[in-house]
Protein chains: 2
Amino acid sequence: MRELHHPPRECLELTQVLHALSDPIRLCIVRQLSSEGSLPCGTFCESAPKSTMSHHFKVLRLAGLIRQRNEGTSCYNSLRNSDLDARFPGLLNAILRADDGCE
Amino acid sequence: MRELHHPPRECLELTQVLHALSDPIRLCIVRQLSSEGSLPCGTFCESAPKSTMSHHFKVLRLAGLIRQRNEGTSCYNSLRNSDLDARFPGLLNAILRADDGCE
DNA sequence: TCGATTGTTCGATATATTTAGAACAATGGA
DNA sequence: TCCATTGTTCTAAATATATCGAACAATCGA
C-alpha cells in the first residue's frame with residue numbers, strides 16, 4: 001500500500017476540520033476512536049460498503065483528524081488528539097461531549 | 001417580509017452546526033457577530049452579491065447559529081450564544097478562539 | 001503458491017451546495 | 001406618491017460531495 005499523507009499539525013485548517021466532522025458517519029468514527037483508541041477500518045459501520053468507508057477515512061485523514069497506519073492487511077486508525085488540541089484548543093472535546101447520538 | 005423560522009434550542013443538531021461553520025464566509029460572519037454584537041446583513045462581505053449572502057445567512061439561521069430580526073428595511077443578525085452554549089457547551093468558544101483568520 | 005482477508009482506487013451516478021443574476025417585496029424618506 | 005435602500009426568492013449553472021460496484025494491491029496463513 002502507498003505512503004499515507006498526514007498534514008502536519010500547524011497546517012490543519014478549521015473549516016476543513018469542521019467539514020470533516022459534519023458528516024454523521026465520520027463523526028461516528030471519531031467518537032468511537034476517542035473512546036476505544038486505535039481501531040482498524042473494518043470495525044466501523046460494517047453495513048456500509050468498504051469503498052464508502054475508505055472515502056470517509058481519507059477525508060478524516062486529510063483534514064488531520066486521524067492518523068492511519070498499515071499493519072499487516074489492516075489499517076489502524078487513531079485520533080490525532082494532541083495535534084488537534086494544540087491547534088484548536090478545546091474543540092475536539094466540545095464536539096465529543098455533545099450529545100448528538102452516534103447512529 | 002415573511003416570518004423567519006428559528007429552530008428551538010433543543011432541536012439544534014451538531015452535524016448541521018458544524019456544516020454551517022465549515023464555510024469560510026459563514027465562519028467569518030459568525031466571528032464578526034461574536035465580536036460586534038448585532039449587525040444588519042449589509043455590513044458583511046460587501047463585495048459578494050446580496051443573494052449569495054442571503055443564502056449564507058439562511059444556512060446559519062436554520063442551523064440555529066444566528067437569530068434574524070427585521071427592523072425597517074434591515075435584517076439584524078445576532079449570535080445565538082446562550083442557546084449554542086446550552087446545547088453544545090464550549091463548542092462555539094473553541095471555534096471562535098481558533099486562529100484561522102477571517103478573510 | 002493459492003486463497004482468504006483487508007482495504008484502496010477507479011469510474012459512474014446521484015445528490016447537495018455554492019454562486020449569482022433578475023425579479024420581487026417591504027420599508028422609509030422626500 | 002415616488003424612489004432609494006435593504007434584503008428575499010426564484011432560477012439556472014457550476015462545483016463539490018456521497019455512494020457504491022468492480023477491479024486491484026498487499027499481506028498472511030495453509
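So that the names make sense, note that chain A is the first sequence line, chain B the second, and so on, each numbered from 1.
- Taking atom CZ on B/F44 and atom P on D/dT8, their separation rounds to 12 Å, with Å as the unit.
- Panel note: side chain A/H6, backbone A/L4; a donor-acceptor pair is recorded below 3.5 Å.
- Among residues at least two apart or in separate chains, salt bridge (Lys or Arg N to Asp or Glu O under 4.0 Å) pairs with a member in residues 72-83 of chain A are A/R9-A/D83, A/R67-A/D83, A/R80-A/D83.
- When all heavy atoms are compared, the tightest approach of B/L27 to B/L21 is CB-O, 3.8 Å.
- Taking five base pairs at each end of the helix from C/dT1-D/dA30 to C/dA30-D/dT1, the local helix axes there meet at an angle of 20°, rounded to 10°.
- Using a 4.0 Å heavy-atom criterion, one finds that B/H55 contacts the bases of the nucleic acid, with or without backbone contacts as well.
- With B/N77 as the fixed residue, the side chain to side chain donor-acceptor pair (under 3.5 Å) test singles out one of B/R69, B/Q68, B/Q32: B/Q68.
- The closest donor-acceptor contact from the side chain of A/R61 to the backbone of A/I66 lies at 3.5 Å or more, if one exists at all.
- Between the NE2 atom of A/H19 and the P atom of C/dA16 there is a distance of 14 Å, given to the nearest Å.
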Under 3.5 Å, N/O pairs linking protein and nucleotides 2-5 of chain C:
none

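- Both A/E71 and A/D23 sit near DNA chain D, but only A/D23 has its closest nucleotide nearer the 5' end.
- Residue pairs meeting the ring-ring contact (aromatic ring centres under 6.0 Å, His included) criterion with at least one member in residues 18-42 of chain B: none, sequence neighbours excluded.
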Every protein N/O lying under 3.5 Å from an N/O of nucleotides 21-24 of chain D:
from   : atom 1 : to    : atom 2 : distance (Å)
D/dG21 : N7     : A/S51 : OG     : 3.1
D/dG21 : O6     : A/S51 : OG     : 3.2

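- For A/K58 and D/dA16, the NZ to C1' distance is 15 Å, given to the nearest whole Å.
- Straight-line distance from the CZ atom of A/R69 to the P atom of C/dG7: 12 Å, rounded to whole Å.
- Legend: ring-ring contact (aromatic ring centres under 6.0 Å, His included) pairs involving residues 46-87 of chain B, not counting sequence neighbours, sorted by first then second residue: B/F44-B/F57.
- In terms of heavy-atom proximity, A/V30 sits nearest to A/L60 at CG2-CD2, 3.9 Å.
- Taking atom NE2 on A/H56 and atom P on D/dA18, their separation rounds to 6 Å, with Å as the unit.
- Atom-to-atom, CG of A/L62 to C1' of D/dT17 comes out at 14 Å; the value is rounded to the nearest Å.
- In this entry the distance linking CD of A/E46 with C1' of C/dT6 reads 12 Å, nearest Å.
- A straight line from CE of B/M53 to P of D/dT8 spans 10 Å, rounded to a whole angstrom.
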